J.: 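Provided herewith is a single structure, encoded as structure tokens, for subsequent inquiry.
Basis for what follows: all heavy atoms, side chains included, without hydrogens, waters or symmetry-related copies. Letters A, B, ... mirror the listed sequences (proteins, then strands); counts begin at 1. On a predicted model such as this, the values are computed, not experimentally measured, just so you know.
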Number of protein chains: 2
Amino acid sequence: MNENTTEPKYQKLVKQMKAYIQENMKTNQKILSEREIAQRLSISRYTVRKALDELEKKGYIYKVHGKGTFVSEKSVPTALNEIYSFTEQMEQLGKKPKMELLEFKVFIPNQELASKLHVATQDKVIKLKYLRTADDVPMMIEETYLPYSKFPTLTVDALSKNSLYSIMKTEFNQSIHVVSESMRASLISSNEAKLLKVEDGSPCLNVRRTSFNKLNEPIEFTSCIARGDQFVYNCKYIHQD
Amino acid sequence: MNENTTEPKYQKLVKQMKAYIQENMKTNQKILSEREIAQRLSISRYTVRKALDELEKKGYIYKVHGKGTFVSEKSVPTALNEIYSFTEQMEQLGKKPKMELLEFKVFIPNQELASKLHVATQDKVIKLKYLRTADDVPMMIEETYLPYSKFPTLTVDALSKNSLYSIMKTEFNQSIHVVSESMRASLISSNEAKLLKVEDGSPCLNVRRTSFNKLNEPIEFTSCIARGDQFVYNCKYIHQD
DNA sequence: CAGTGGTCTAGACCACGTT
DNA sequence: ACGTGGTCTAGACCACTGT
């Protein structure tokens with residue numbers, strides 16, 4: 001899509017090697033050494049290393065000091081270091097995800113919400129409320145709050161065409177850098193029970209997410225209520241020492 | 001503790017700069033350019049970049065192409081890219097965490113568990129069961145399963161002195177590379193209700209974690225049952241594109 | 001000992017943002 | 001035009017693993 005910015009050489013190498021590894025190599029098989037790859041492709045070892053670092057970070061390969069670089073097991077690579085999105089998770093289960101916009105409004109927040117979004121209490125906030133379903137079974141209710149000052153021209157029409165995150169990035173130049181999430185179990189309230197078509201007092205999973213841009217300003221707060229009997233929240237990440 | 005391996009120059013720089021930033025600099029303040037730092041310390045720019053990359057990854061600073069490197073907000077740095085441990089979370093809340101070993105046994109797993117740990121059904125598995133409390137209030141029950149073949153000499157005595165993860169690393173040379181977690185809400189069973197001192201059918205949060213080593217072999221499977229009214233699971237991570 | 005990945009140097013050019 | 005971070009080169013030595 002966005003081919004006006006030149007792709008670095010090591011990024012091309014990442015794609016090339018990833019495809020080669022997936023098609024031709026087996027788990028724990030040793031791949032060429034950094035020096036060997038650099039020599040064959042007539043590039044510097046630095047570039048090879050950057051590509052291999054990226055492949056390791058994404059879970060395709062692993063390096064062992066003094067021994068070499070090896071292919072990882074197939075199961076791990078997907079969605080590393082990132083909490084899976086609802087859509088991806090449902091697609092993995094072979095279910096058809098949909099989302100329906102229930103509410104779109106601009107309002108003055110209470111103090112709690114204002115402090116979460118780092119805005120003054122007289123500043124406006126956008127609220128989006130979605131019902132997410134999978135194979136037409138209601139799965140979760142999602143309420144997202146955005147500081148109006150950062151997204152003043154956001155429209156329902158734009159949201160129907162692109163995802164919120166892509167709009168944030170392309171239209172408003174706000175991309176997510178750090179995400180903080182919390183999960184808790186509780187009993188569902190009657191309003192939510194009706195929307196999710198479960199009994200009052202059923203167990204539900206409440207996920208709250210605050211997203212920050214590079215300057216560590218909060219640009220989004222979302223609270224999700226998910227059916228306890230249907231929804232499992234998955235995440236995978238590379239452990240750092 | 002472990003000073004027999006020489007620390008790389010950039011790691012020292014990381015510590016040095018981190019301390020300097022925390023003591024002397026303010027949020028969004030610009031720091032010296034990579035070239036300037038390199039020149040002043042008479043080291044190469046590569047080393048400075050490695051240090052700055054690490055500080056960015058840990059959330060202390062952020063870089064903007066064409067502009068410079070800046071100090072991040074103070075709130076973010078802790079425990080990035082890592083799901084907080086129970087102990088850290090409780091300490092942040094000012095509560096005193098404790099854990100009590102309820103069970104330690106070696107047994108033959110059922111098929112489900114065996115497949116989770118990638119062992120044959122005739123292979124042995126170690127089970128550890130803990131009750132975690134905070135200020136003497138029961139918070140969660142934790143059941144951990146380990147492949148016996150990888151930790152054959154693990155003892156209760158060792159566990160009373162060091163954490164499981166540090167034992168894994170130092171005694172058995174198994175360090176965690178990738179972690180996969182899932183969270184779900186459900187209603188508590190009567191056995192667990194007794195241990196956690198809540199009513200039957202209270203809401204609870206079930207967290208399941210599988211940890212993998214560098215070879216992507218599973219080395220741990222843990223299932224936690226946490227009180228819904230007390231426990232919130234937090235995680236923070238840097239968003240990758 | 002040779003071969004591997006990990007660190008480091010001293011340069012170079014490019015892409016981006018500000019002046 | 002200038003300074004910044006991002007990429008890249010062609011080397012070097014170190015630390016670790018195997019033979």
J.: Could you run down the sub-3.5 Å N/O contacts of the protein with nucleotides 11-13 of chain D?
T.:
residue: dA12(D); atom: N6; partner: Arg45(A); partner atom: NH1; Å: 3.4

J.: Any salt bridge between Glu34(B) and Arg49(B), counting N to O under 4.0 Å?
T.: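 Yes.
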
J.: Between dC14(C) atom P and Glu7(A) atom CD, what is the distance in whole Å?
T.: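 Distance check: Glu7(A) CD to dC14(C) P gives 18 Å.
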
J.: Ignoring backbone atoms, establish whether Lys9(B) has a side-chain N or O less than 4.0 Å from OP1 or OP2 of dT9(C).
T.: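 Checking dT9(C) against Lys9(B), a side-chain N or O does come within under 4.0 Å of OP1 or OP2.
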
J.: Among all residues two or more places apart in sequence or in another chain, which pass the side chain to side chain contact (heavy atoms under 4.5 Å, CB included) test with Gln122(B)?
T.: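 So Gln122(B) forms a side chain to side chain contact (heavy atoms under 4.5 Å, CB included) with Ala120(B).
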
J.: Return the set of residues passing side chain to side chain contact (heavy atoms under 4.5 Å, CB included) with Ser115(B) (not counting sequence neighbours), or none when no residue passes.
T.: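 Per chain and number, Ser115(B) pairs via side chain to side chain contact (heavy atoms under 4.5 Å, CB included) with no residue.
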
J.: Nearest-Å distance, CG (Leu41(A)) to P (dT9(D))?
T.: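 In whole Å, dT9(D) P lies 10 Å from Leu41(A) CG.
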
J.: Among the nucleotides dG6(C), dT7(D), dC16(C), which one has an atom lying closest to any side-chain atom of Lys63(A)?
T.: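 That would be dG6(C).
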
J.: Looking only at side-chain N and O atoms, does Ser33(B) come under 4.0 Å of OP1 or OP2 in dT4(D)?
T.: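 Yes, Ser33(B) has a side-chain N/O under 4.0 Å of OP1/OP2 on dT4(D).
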
J.: What is the distance from CD of Gln39(A) to P of dG5(C), rounded to the nearest Å?
T.: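 Those two atoms, CD and P, are 14 Å apart.
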
J.: Starting at CG of Asp53(A) and ending at P of dG6(D), how long is that distance when rounded to a whole Å?
T.: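 Interatomic distance, CG of Asp53(A) to P of dG6(D): 15 Å.
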
J.: I need the NZ-P distance between Lys12(B) and dT7(C), as an integer number of Å.
T.: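 Atom-to-atom, Lys12(B) to dT7(C), this comes out as 13 Å.
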
J.: Using whole Å, report how far NZ of Lys67(B) lies from P of dC2(D).
T.: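 It is 21 Å, rounded to the nearest whole Å.
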
J.: Tyr62(B): what forms a side chain to side chain donor-acceptor pair (under 3.5 Å) with it, not counting sequence neighbours?
T.: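 Partners of Tyr62(B) by the side chain to side chain donor-acceptor pair (under 3.5 Å) criterion, ordered by chain and then number, come out as Asn28(B).
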
J.: Provide the full list of salt bridge (charged side-chain N to carboxylate O under 4.0 Å, His left out) pairs with a residue in residues 144-154 of chain A, sequence neighbours left out, each pair given once.
T.: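 Sorted pair list: Lys150(A)-Glu217(A).
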
J.: Quantify the bending of the helix from dC1(C)-dG18(D) to dT18(C)-dA1(D) as the angle between its end axes, each fitted on five pairs, to 10°.
T.: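 Comparing the axis at each end, I get an angle of 10°.
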
J.: For dT9(D), take OP1 and OP2 only and decide whether either is under 4.0 Å from a side-chain N or O of Thr47(A).
T.: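 For Thr47(A), the contact criterion (side-chain N or O under 4.0 Å from OP1 or OP2 of dT9(D)) is met.
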
J.: Rounded to the nearest 0.5 Å, what's the gap from CG on Asp123(A) to CG on Leu117(A)? Could you check?
T.: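 Answer for the CG-CG pair, Asp123(A) versus Leu117(A), is 10.5 Å.
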
J.: Think Tyr10(A) has a side-chain N or O under 4.0 angstrom from the OP1 or OP2 of dT7(D)?
T.: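 So the side-chain polar atoms of Tyr10(A) do come within 4.0 Å of the phosphate oxygens OP1 or OP2 of dT7(D), strictly under.
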
J.: List the residues meeting side chain to side chain donor-acceptor pair (under 3.5 Å) with Thr121(B), not counting sequence neighbours, and say none if there are none.
T.: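 Partners of Thr121(B) by the side chain to side chain donor-acceptor pair (under 3.5 Å) criterion come out as none, since no residue qualifies.
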
J.: Mind listing the side-chain donor-acceptor pairs of residues 159-166 of chain B below 3.5 Å, one per line with the distance, residues two or more places apart or on another chain?
T.:
residue: Ser160(B); atom: OG; partner: Asp157(B); partner atom: O; Å: 2.6
residue: Lys161(B); atom: NZ; partner: Asp157(B); partner atom: OD2; Å: 3.0
residue: Ser163(B); atom: OG; partner: Ser166(B); partner atom: N; Å: 3.2
residue: Ser163(B); atom: OG; partner: Ser166(B); partner atom: OG; Å: 3.3
residue: Tyr165(B); atom: OH; partner: Arg209(B); partner atom: NE; Å: 3.4
residue: Tyr165(B); atom: OH; partner: Arg209(B); partner atom: NH2; Å: 3.2
residue: Tyr165(B); atom: OH; partner: Glu220(B); partner atom: OE2; Å: 2.9
residue: Ser166(B); atom: OG; partner: Ser163(B); partner atom: N; Å: 3.4
residue: Ser166(B); atom: OG; partner: Ser163(B); partner atom: O; Å: 3.0

J.: Check the distance between dT4(D)'s P and Lys30(B)'s NZ and give it to me in whole angstrom.
T.: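 Result: 6 Å.
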
J.: In whole Å, what is the span from the NZ atom of Lys50(B) to the P atom of dT9(C)?
T.: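 Value for this atom pair: 12 Å.
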
J.: Please list, chain by chain and in numerical order, all residues satisfying side chain to side chain donor-acceptor pair (under 3.5 Å) with Ser223(A), sequence neighbours excluded.
T.: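 Here the qualifying residues are Asn206(A).
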
J.: Closer than 3.5 angstrom, by distance alone: can the side chain of Lys116(B) be matched with the main-chain N or O of Pro218(B) as a donor-acceptor pair?
T.: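 Looks like no, no N/O pair under 3.5 Å.
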
J.: Would you mind telling me which of dC8(C), dC16(C), dT9(D) lies closest to the side-chain atoms of His65(B)?
T.: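 So the nucleotide nearest the side chain must be dC16(C).
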
J.: Answer with base, sugar-phosphate or nothing: what part of the nucleic acid does Leu52(A) contact at a heavy-atom distance below 4.0 Å?
T.: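 If one applies the 4.0 Å heavy-atom cut-off, Leu52(A) turns out to touch nothing in the nucleic acid.
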
